[in-house]
Amino acid sequence: MVSVFALVVFAAAALAIVLKRRRKSSADVQHLPGPSLSIASWIWGHELLMFQHSATEMLTIWARSFGGLYKISGALFHPDIIIATDHAAVHHIFAYSDIYVKSPAFRPPIENIIGRGLVWAEGEDWQRQRKLLAPAFTTESVKEMTATIYESAERLESRLTNLLLDTKGESNVNILSYISASPAFRLDIIGAVGLSHSFSAQAAHPSSDAVQIHETWTQLVNNGLQWLAFLAPLLIRAFPSLTKAPLPITQSQGAVKTIVKRIAHRIIEREHAALDAQNGEMKQKKKDIISILLRNRHLATPVDRLTDDQIVDNIVTFTMVGHETIAGSAAFTLWELARNPQHQERLRAEVLAHPRDLSYEDLQKLEFLDAVVKEGLRVHPASPQTERLALADHVIPLSTPIPGVGSAFHVRKGQVFVIPFSTMNTNPQVWGPTGPIFDPTRWLSDRSPNAPALPHGWSGITTFCDGPRNCVGWRLAVLELKIILATLVRSFVLFDTGARVDAKISQTLQPVVDGRGGHLPVRVKLLEA
Ligand code: HEM
């Protein structure tokens, strides 16, 4: 009898604790401010407005009104989604990458497009892949890529020169497509430095690999601007079993992977043949991606070994993420230079004061080039937002206390967060009233931004994310951008065409002109000697 009584008391206490925790944590979400339900669609919540506007535009507008942590209503009756830009909260979410994982709506498209490589993996699988691949991106490894990147940038420069010579020295150019389609820039850099594979034998004749990938990617980007691209992830979030359904959008995502996978298999076969020719001796010291992956296949203990599929998927992953992000960032920065001739001239003067092909170390001394690259990455992050799902109840610290919540926010398991990098990177409370404007001079040593006020992340911007799952390729990205910009402003003058450019999220940040995705027109003129 006593034991039954004790059991009842114990159960009641346990229930009270559970209910208190539930009340406390759900109360925290309830206390969050957010946009009025009157502007939300009954079925699509506030997410429809986000899709209808430019990339992160609505999130930025709401953040200015509701602060660093607010909620929006989710589509298809999904529980409220929290938009986080509070610096301490975001730092915490990224620091605990085992608790806050990529959301289920986010992972199926990643799997469809680039496979189950490092970007897609979670948990121990991710840890193993990251530990294995990180050595390919240390300062030492990236420094060794400098000469190859110069070669690719110079091939890009000569293709553009040839084009302009055919058009009396100047022409309107879709600068994104030009860079993005150019095997000399996109695929050759990642191919040569990472995969020991040349995607183009001759600069003047882009390889069919590169062209095919570009065309399929462009199709994918334009599909991503359609209504179905809004719908598909929301349906998958609500009904995860739809992941494998033959939706047109998921099938078109798979097309890119199929092409790059074919190339990946070719690369592996060729590298194996080379290995056999060396009588099985592995390239012990080489730290490029393919050498690391193949060495792992032969030398690692079974527990550390990646499967053949994981090796192929990582080749696909690096081929795609390694160039789409950089092509977009380079194109948006060149477009900003076209719109801001004073910054363009200052950059050109700095670059022309130095010889071509500077060493890695000397390149770092170009202060204005560094400022231009940072500013392009700040204002136009290639990946403008990310999502995380809480796998457990947790408490998040806040930089700015919220009325009714205080300075610690109780998260419930299952909570979805959206973290808009663009919003954080341009917040006027951090960057001043010119926050959204491209102004590289803000990075110069006489007026650098106030470091403690900046978010966590490379150089105080969130473009490369933060914490253990930050961008593994950021050093390579920054070096490539510096070399591309320095090489192009040396030979060309860029002018604004006056076209109205919108920005949308379709895989990565995409310029849209007259409804056409992947379009960023700039007038380019040969620099007169
Ligand atoms: C301007 C260029 C780039 C930008 C803005 C960028 C941005 C990012 C961001 C925001 C993430 C985190 C995504 C998330 O968790 O939601 C990320 C992850 C990643 N990036 Fe980059 N990236 C760039 C270039 C590169 C390059 C050049 C490579 C490699 C060649 C690369 C490889 C990766 C990989 C593998 C991950 C996943 C890392 C992990 O989860 O451990 N990225 N990148």
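Heads up: numbering here begins at 1 and tracks the sequence. Whatever order the structure lists ligands and atoms in, that order sets their numbers, starting from 1.
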Atom indices of ligand 1, in the order listed, that fall short of 4.0 Å to a heavy atom of Val119: 34 (C), 35 (C), 36 (C), 37 (C)
Met320 contact mode with ligand 1 (heavy-atom cut-off under 4.0 Å): neither
Element-labelled atoms of ligand 1 that are located less than 4.0 Å from some non-hydrogen atom of Thr386: 14 (C), 16 (O)
Ser329 and ligand 1 - part of the residue with a heavy-atom distance under 4.0 Å: side chain
Heteroatom proximity flag, Arg469 to ligand 1, N/O under 3.5 Å: yes
Atoms of ligand 1 close to Phe318 [distance to a heavy atom under 4.0 angstrom, numbered from 1]: 29 (C), 30 (C), 35 (C)
Within-shell test, Arg475 vs ligand 1, heavy atom, strictly < 4.0 Å: no
Row check, Trp431 ring normal vs Arg378 NZ/CZ: under 6.0 Å, within 45°: yes
Minimum heavy-atom distance between Gly517 and Leu225, given as atom pair plus value: CA-CD1, 3.6 Å
Contact (N/O only, under 3.5 Å) between Thr325 and ligand 1: no
Partners meeting side-chain hydrogen bond (donor to acceptor under 3.5 Å, both in side chains) with His519 (sequence neighbours left out): Asn174, Arg516
Among Gly473, Cys471, Ala121, Ala382, closest by any non-hydrogen atom to atom 21 (Fe) of ligand 1: Cys471
contact_flag Asn470 ligand 1 heavy-atom lt 4.0 Å: yes
Per-atom contacts of ligand 1 with Trp126, taking only distances under 4.0 Å to non-hydrogen atoms: 39 (C), 40 (O), 41 (O)
Plane angle bin for Phe318 and Phe137 - parallel if under 30°, tilted between 30 and 60°, otherwise perpendicular: parallel
Parallel, tilted or perpendicular: rings of His92 and His394 (30°, 60°): tilted
Cys465 backbone or side-chain N/O/S under 2.8 Å from atom 21 (Fe) of ligand 1: no
Tyr178 six-ring centre to Arg159 NZ/CZ under 6.0 Å and within 45° of normal: yes
Electrostatic pair Arg116:Asp309 at N-O distance under 4.0 angstrom: no
Side-chain donor-acceptor pairs under 3.5 Å in residues 325-334, sequence neighbours left out?
{"unit_1": "Thr325", "atom_1": "OG1", "unit_2": "Val321", "atom_2": "O", "d": "2.6"}
{"unit_1": "Ser329", "atom_1": "OG", "unit_2": "Thr325", "atom_2": "O", "d": "2.8"}
{"unit_1": "Thr333", "atom_1": "OG1", "unit_2": "Ser329", "atom_2": "O", "d": "2.7"}

Glu375 and Arg442 ion-paired at < 4.0 Å: yes
Atom indices of ligand 1, in the order listed, that fall short of 4.0 Å to a heavy atom of Leu377: 1 (C)
Contact partition for Phe421 relative to ligand 1, non-hydrogen atoms under 4.0 Å: side chain
Geometric cation-pi criterion, Arg346 with Phe368: 6.0 Å, 45°: yes
Ligand 1 contacted by Trp474 (non-hydrogen, < 4.0 Å): no
Within 45° cone and under 6.0 Å: Arg339 NZ/CZ vs Trp335 ring: yes
Arg388, any N or O under 3.5 Å of ligand 1 N or O: yes
Sub-4.0 Å heavy-atom contact, Lys102 with ligand 1: yes
